[in-house]
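Notes follow the structure.
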Amino acid sequence: MTERDAYADLGATTQEAMDIAETSMDIVRTFVPDETLNDRLRQKAVHSTGDIEFQHLIRCQNDPVAAGARAVLDERPIVTDITMAKAGITGRGHDCQVRKAIGNGAELAAETGMTRTAAAVLELDKEGVYDGAIAVVGNAPTAALALCDCIENGTRPAAVVATPVGFVKAEESRKRVRDVADEYGVPAVTNVGKRGGSGLAAALTNELIHVASDVRNGDVDLADHE
């Protein structure tokens with residue numbers, strides 16, 4: 001068993017489980033291109049949702065896989081919006097601090113009436129937490145919108161993973177992430193449509209960690225993808 005096999009899936013620890021995970025990914029690769037690093041995010045989206053068409057909903061800007069993998073190798077923080085996204089991020093293959101925004105900014109939320117997740121993002125940004133970090137938004141559109149405000153004000157995450165789900169502001173928030181990423185050159189992965197969620201955000205973040213593991217093992221050279 002190679003080290004790459006060990007990271008085939010965050011939940012796979014036995015040989016049988018790893019074989020199942022790798023066979024599943026082999027099947028995914030028959031439907032999804034395997035030509036670029038960004039294709040690995042599309043593959044992971046299909047793998048995590050069980051929906052082959054989801055590959056067409058993923059949007060990548062400014063090489064988010066390469067940027068995210070470098071951040072993992074540099075042991076930069078991974079900051080999620082809520083507990084569920086944090087819980088889905090693997091603890092293997094990296095030494096990054098993984099923390100959640102929710103739970104911060106309670107006083108700001110009470111004073112202004114903004115959502116707790118938006119206030120939490122703004123509070124952490126005041127502490128400089130998002131600069132150079134992998135910013136992950138899996139649930140809260142208002143957290144994604146607050147993060148965009150921070151980027152417009154000078155914050156520069158290493159990469160953004162934004163897949164907030166729902167029928168109110170979710171699509172709009174992801175579009176704003178894409179607009180801000182384009183304007184300021186921030187690496188980002190988002191999706192279009194109403195679907196998404198914390199599970200997808202965690203899966204995409206885990207793929208950044210898997211790529212970093214492949215770089216560490218010599219299986220991927222990031223210079224080839226610049």
Side-chain angles (χ1 to χ4, degrees), residues 1-29 32 34 36-50 54 58 60 63-103 124 129-130 132-139 157-163 187-189 196-222 224-225:
M1 180 181 69
T2 67
E3 189 171 352
R4 184 178 187 279
D5 292 331
Y7 299 115
D9 185 81
L10 71 94
T13 56
T14 67
Q15 186 61 53
E16 182 179 9
M18 286 185 283
D19 288 344
I20 291 171
E22 194 57 41
T23 299
S24 181
M25 286 305 300
D26 286 342
I27 293 171
V28 168
R29 292 184 191 104
V32 185
D34 191 26
T36 70
L37 286 183
N38 290 339
D39 284 336
R40 290 182 58 159
L41 292 179
R42 299 181 183 96
Q43 292 166 0
K44 197 64 176 181
V46 170
H47 183 254
S48 64
T49 63
F54 212 103
I58 294 295
C60 296
D63 300 316
V65 181
R70 286 193 192 92
V72 172
L73 292 169
D74 290 341
E75 300 180 10
R76 301 300 302 166
I78 299 172
V79 188
T80 70
D81 55 339
I82 65 167
T83 305
M84 186 180 295
K86 178 179 181 291
I89 294 174
T90 181
R92 293 179 289 159
H94 68 95
D95 291 310
C96 301
Q97 178 192 25
V98 182
R99 60 183 299 184
K100 59 185 179 180
I102 192 71
L124 289 186
V129 170
Y130 284 103
I134 299 174
V136 182
V137 181
N139 181 76
V160 175
V161 178
T163 61
V189 55
S198 293
L200 176 61
L204 295 174
T205 304
N206 287 337
E207 192 59 29
L208 303 181
I209 294 169
H210 296 168
V211 172
S213 294
D214 287 347
V215 172
R216 197 180 294 116
N217 297 338
D219 297 323
V220 170
D221 185 347
L222 292 180
D224 294 338
H225 300 276

Going by salt bridge (Lys or Arg N to Asp or Glu O under 4.0 Å), name the residues that satisfy it together with D26, two or more places apart in sequence or in a different chain.
R29
How long is the straight-line distance from CG of D39 back to CD1 of I58, given to the nearest 0.5 Å?
11.5 Å
About how many Å separate CD of Q43 and CG of N38, when rounded to the nearest 0.5 Å?
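These two atoms lie 11.0 Å from each other.
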If you apply the rule side-chain contact (heavy atoms from CB on, under 4.5 Å), what do you find for L37 with V220, and how did you get there?
CA-CA 9 Å; L37 286 183; V220 170; 4.2 Å; yes
I want to check something: taking the side chain as every heavy atom from C-beta on, are [X] and [Y] in contact at a cut-off of under 4.5 Å?
X: D34; Y: M25; value: no
X: R70; Y: L222; value: yes
X: L73; Y: R216; value: yes
X: L208; Y: V161; value: yes
X: V136; Y: I78; value: yes
X: S48; Y: L200; value: yes

Taking all non-hydrogen atoms of both residues into account, name the closest pair between [X] and [Y] and its distance.
X: A133; Y: V79; result: CB-CG2, 4.2 Å
X: V211; Y: A69; result: CG1-CB, 3.8 Å
X: R42; Y: C60; result: NH2-SG, 4.4 Å
X: I134; Y: G68; result: CD1-O, 3.7 Å
X: A71; Y: G132; result: CB-O, 4.5 Å
X: G93; Y: I209; result: O-CG2, 3.9 Å

With side chain to side chain contact (heavy atoms under 4.5 Å, CB included) as the test, pick out the partner of L41 among V189, V46, T205.
V189
Taking only residues two or more places apart in sequence, or in another chain, which ones meet [X] in a side chain to side chain contact (heavy atoms under 4.5 Å, CB included)?
X: A188; answer: Q61, V160, V177, A181
X: T23; answer: I27
X: K86; answer: T80, V98, K100

Using modelled atom types and a 3.5 Å cut-off, is there a donor and acceptor pairing between side-chain atoms of D95 and backbone atoms of E75?
no
Do D81 side-chain atoms and G138 backbone N/O form a donor-acceptor pair below 3.5 Å?
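Side chain of D81 to backbone of G138: a pair is present.
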Salt bridge (Lys or Arg N to Asp or Glu O under 4.0 Å): which pairs involve residues 197-208, sequence neighbours left out?
R40-E207
Excluding sequence neighbours, so at least two apart, what forms side chain to side chain donor-acceptor pair (under 3.5 Å) with D74?
none
